[in-house]
Amino acid sequence: MARLYIFAIGGTGSRVLKSLTMLLASGIKPNSNKEFEIVPIIIDPHKSNDDLKRTERLLGNYQAISEAAGHTNGFFNTKITTLDKLVSSENRLAKSFTFNLQEVGGKKFKEYIDFNQLDPSNSALADILFSGKSINKSGEEVNLLDVEMDIGFVGNPNIGSVVLNQFKDSEEFKEFASNYNEEDRVFIISSIFGGTGAAGFPTILKNIRDAMNNTNINGNMFLQDAKIGAISVMPYFNIESDPESPINKSDFISKTKSALYYYKDNVTGNNSINALYYILDEHNGNPYENDPGDNGQQNNAHIIEMISALSIIDFLEIPDNELETLNGKASRPIYKEFGIRKDSHDVILPDFEDKTQNKIGLNLSQLALFRKYLSENLTKSVEKQPWSIGEPQLNKMFFEQSFYNTNLKDFMNRFGEWLTELSINNRGFSPFNLDSTLDALVKGKTVKSGWLSKNVDYTLYDDTLNSKSKGRSYSSSEQKLLSLFFESSEEILKSKFGF
Amino acid sequence: MIDFFASLYEWFGLNPFYRTDFGELLRGYDATCTGYIDSPWYSYIGMIMIILTSLIYAFQYHIIDSSGFNKKKHWWLMSLVIISLNFFIAFIIPFNIIQSSNYCTSLNVAVVDCLGFGFSNAIWSFILFLLISTPPIFRKLSHNCRETTFYRP
């Protein structure tokens with residue numbers, strides 16, 4: 001199976017990866033003959049970033065669920081794995097989705113570059129390149145050279161580009177390079193208006209294309225001509241104005257322009273990327289709290305992050321022959337943007353163009369329906385309905401084990417949390433009435449009714465589960481749970497909601 | 001067929017719930033006391049019991065066939081309906097015959113025999129319902145009641 005290595009850089013990278021995990025959990029797959037295994041690598045110096053921690057936990061849950069249930073059940077049917085699992089011999093990597101940036105924790109930038117050891121001319125150059133002010137962990141204003149990097153690069157890509165360049169010498173990069181095969185692909189997620197993402201994207205891209213010249217790795221010839229896609233997330237949210245903070249909304253556009261100007265020569269201008277997705281939202285919604293990183297940096301999920309995640313699915317649908325690369329240059333680079341049918345403050349499924357609706361509508365609704373059943377009706381039906389009693393049993397004991405009680409339940413709680421965050425954000429995405437009755441679950445969809453038509457309620461849900469499980473055999477309880485609910489929710493949504 | 005149902009309702013001679021003369025009436029002993037040429041009530045009522053019980057089984061397991069009506073409490077509710085109807089039918093038919101005196105009056109029968117026969121029919125209908133619905137032969141064809149028996153779920 002081919003692999004897609006996803007480099008998720010910075011807070012936006014983690015949040016887009018979280019959205020991708022939700023989409024994959026719902027069963028969304030690229031419309032392609034090729035199957036891909038996803039290998040996410042999160043790159044963020046800000047280890048205490050709550051968005052990063054949430055994404056890591058979510059990926060851990062996903063991995064545990066899909067390993068136990070297999071990958072042919074509709075839900076969770078794309079394999080996600082950590083880089084360490086690809087290493088067959090001595091395992092030198094942490095079992096983590098996060099790239100471990102060395103020597104960043106607790107260090108000031110000037111210590112990282114050994115500023116005090118520089119000769120006078122280099123010291124003067126560093127002074128010029130890294131002039132300016134930022135803040136430390138206590139929120140006090142400091143010189144840029146005195147920034148402590150364990151809260152990220154605080155919107156300073158000039159620092160980020162230096163620090164992230166260590167990636168090419170890391171164990172992770174070596175393992176990635178030695179495992180990369182011709183049919184594999186790479187995708188890089190980054191924002192362009194901050195520090196970590198803006199710096200990380202061109203740095204990682206350059207390191208991959210130059211892998212042949214990297215003496216630290218066994219020059220992998222496939223890497224130079226790797227099929228690389230990326231999304232560059234431009235400003236999409238508003239932040240509170242805070243004169244004490246180094247992060248200002250007004251800087252977003254100027255930073256974006258500067259970065260795009262740099263990309264013009266070093267990314268798009270030299271054809272080093274095969275497919276580049278741009279996304280931007282000028283909607284002026286409710287501002288986020290202005291947190292440079294010292295308070296954990298947890299932002300609500302945003303529709304732009306979900307759409308950005310769709311770019312990864314889209315990238316996987318591009319045929320190999322359209323991603324041809326020769327001597328590190330894309331033969332026919334592809335550039336894409338995204339639009340919606342209706343410029344709504346609170347987007348629902350019909351506000352998307354048909355292609356997007358068809359891609360996500362049914363699957364997301366299936367997972368929402370599955371989640372609703374688990375939270376509202378499971379206890380009433382376990383050991384009471386044939387789908388639960390039939391072999392392999394889905395009995396109370398099964399639902400007390402870690403597959404459900406730790407991983408699936410946790411994942412579903414986070415899915416609900418994600419949907420809630422998406423809906424309360426502005427611009428929001430609220431395709432579901434999460435607290436409504438089943439028949440009103442999907443906004444913009446009217447349930448078909450008639451004299452002989454059954455109501456959409458949990459009796460119908462159980463009827464469908466019982467019907468779908470009749471005469472079927474399953475390899476395990478875990479597989480049964482996922483595939484049964486996938487098929488049943490699909491049937492209900494198609495027959496009653498008109499998907 | 002008469003002998004078959006007669007032996008069932010008379011509990012193979014072990015413990016009939018009604019007098020022997022009442023059994024003669026049910027065998028079709030005619031009003032003129034000449035022979036067994038009247039309606040064979042054992043067969044009729046026995047067949048009604050089988051058909052009615054089967055229909056009610058089919059109604060629950062294959063027509064309603066709902067996840068909202070597949071618990072053991074629903075099984076017991078349907079068995080109550082089966083028992084009641086079969087008791088009523090087995091009681092009311094001979095009761096009307098006795099009330100209209102349209103039987104061989106030399107037979108020693110009374111209303112209490114109708115109650116005994118009704119009781120016997122009710123028990124057999126319950127046993128039949130139990131036999132149809134406990135082994136999975138028939139119920140496995142149901143979508144929602146394929147696990148429904150008198151003891152679960």
Side-chain angles (χ1 to χ4, degrees), chain A residues 369-370 372-374 376-399 437-439 451-474 477 480-481 483-485 487-492 495-496, chain B residues 49-86 122-153:
Chain A
L369 204 58
F370 183 26
K372 205 162 172 61
Y373 188 98
L374 292 179
E376 293 178 2
N377 199 63
L378 183 69
T379 49
K380 290 178 199 158
S381 292
V382 169
E383 297 184 4
K384 298 276 194 306
Q385 293 296 339
W387 65 261
S388 164
I389 297 168
E391 292 294 335
Q393 285 192 25
L394 299 175
N395 51 19
K396 286 177 185 161
M397 192 190 290
F398 169 76
F399 287 104
T437 50
L438 280 189
D439 56 350
W451 276 89
L452 295 171
S453 184
K454 287 182 180 175
N455 291 331
V456 177
D457 52 20
Y458 286 116
T459 302
L460 174 78
Y461 209 145
D462 275 327
D463 281 357
T464 314
L465 288 165
N466 291 336
S467 179
K468 290 281 174 193
S469 60
K470 189 182 166 192
R472 292 281 301 276
S473 58
Y474 301 94
S477 298
K480 178 180 177 180
L481 181 72
S483 64
L484 183 56
F485 274 86
E487 288 173 17
S488 301
S489 57
E490 184 179 29
E491 164 131 350
I492 292 168
S495 63
K496 294 290 181 181
Chain B
M49 183 269 288
I50 290 172
I51 291 167
L52 190 63
T53 304
S54 302
L55 282 177
I56 292 173
Y57 156 81
F59 188 64
Q60 183 188 1
Y61 280 72
H62 304 288
I63 296 170
I64 297 179
D65 192 8
S66 167
S67 60
F69 200 72
N70 64 356
K71 314 297 180 303
K72 66 176 176 225
K73 67 182 177 190
H74 301 121
W75 188 95
W76 282 100
L77 179 68
M78 294 312 275
S79 70
L80 191 66
V81 171
I82 288 171
I83 287 169
S84 305
L85 283 174
N86 280 291
I123 291 173
W124 277 114
S125 65
F126 179 75
I127 291 169
L128 179 62
F129 187 47
L130 212 65
L131 288 175
I132 300 173
S133 61
T134 305
I137 307 163
F138 302 114
R139 65 176 161 86
K140 72 178 180 186
L141 302 172
S142 168
H143 289 293
N144 295 298
C145 303
R146 61 181 188 267
E147 301 292 345
T148 308
T149 60
F150 69 95
Y151 63 92
R152 73 169 192 185

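Atom set for the values below is all heavy atoms of this structure, side chains included, hydrogens, waters and symmetry mates excluded. The sequence lines fix the lettering, A, B, ..., with proteins before strands; numbering per chain opens at 1.
- More than 12 heavy atoms of other residues, nucleotides or ligands sit less than 6.0 Å from atom CZ of B:Phe126.
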Let me see the donor-acceptor pairs closer than 3.5 Å between chain B and chain A, or none if nothing turns up.
residue  : atom : partner  : partner atom : Å
B:Ser67  : N    : A:Asp463 : OD1          : 2.7
B:Ser67  : O    : A:Gln385 : NE2          : 2.9
B:Ser67  : OG   : A:Thr459 : O            : 2.8
B:Ser67  : OG   : A:Asp463 : OD1          : 2.8
B:Asn70  : ND2  : A:Gln385 : OE1          : 2.7
B:Leu141 : O    : A:Lys470 : NZ           : 2.7
B:Asn144 : OD1  : A:Asn466 : ND2          : 2.7
B:Asn144 : ND2  : A:Asp463 : OD1          : 3.3
B:Arg146 : NH1  : A:Asn466 : O            : 2.9
B:Arg146 : NH2  : A:Asn466 : O            : 3.3
B:Arg146 : NH2  : A:Ser469 : OG           : 2.8

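- Heavy-atom proximity under 4.5 angstrom to chain A picks out nothing from residues 49-59 of chain B.
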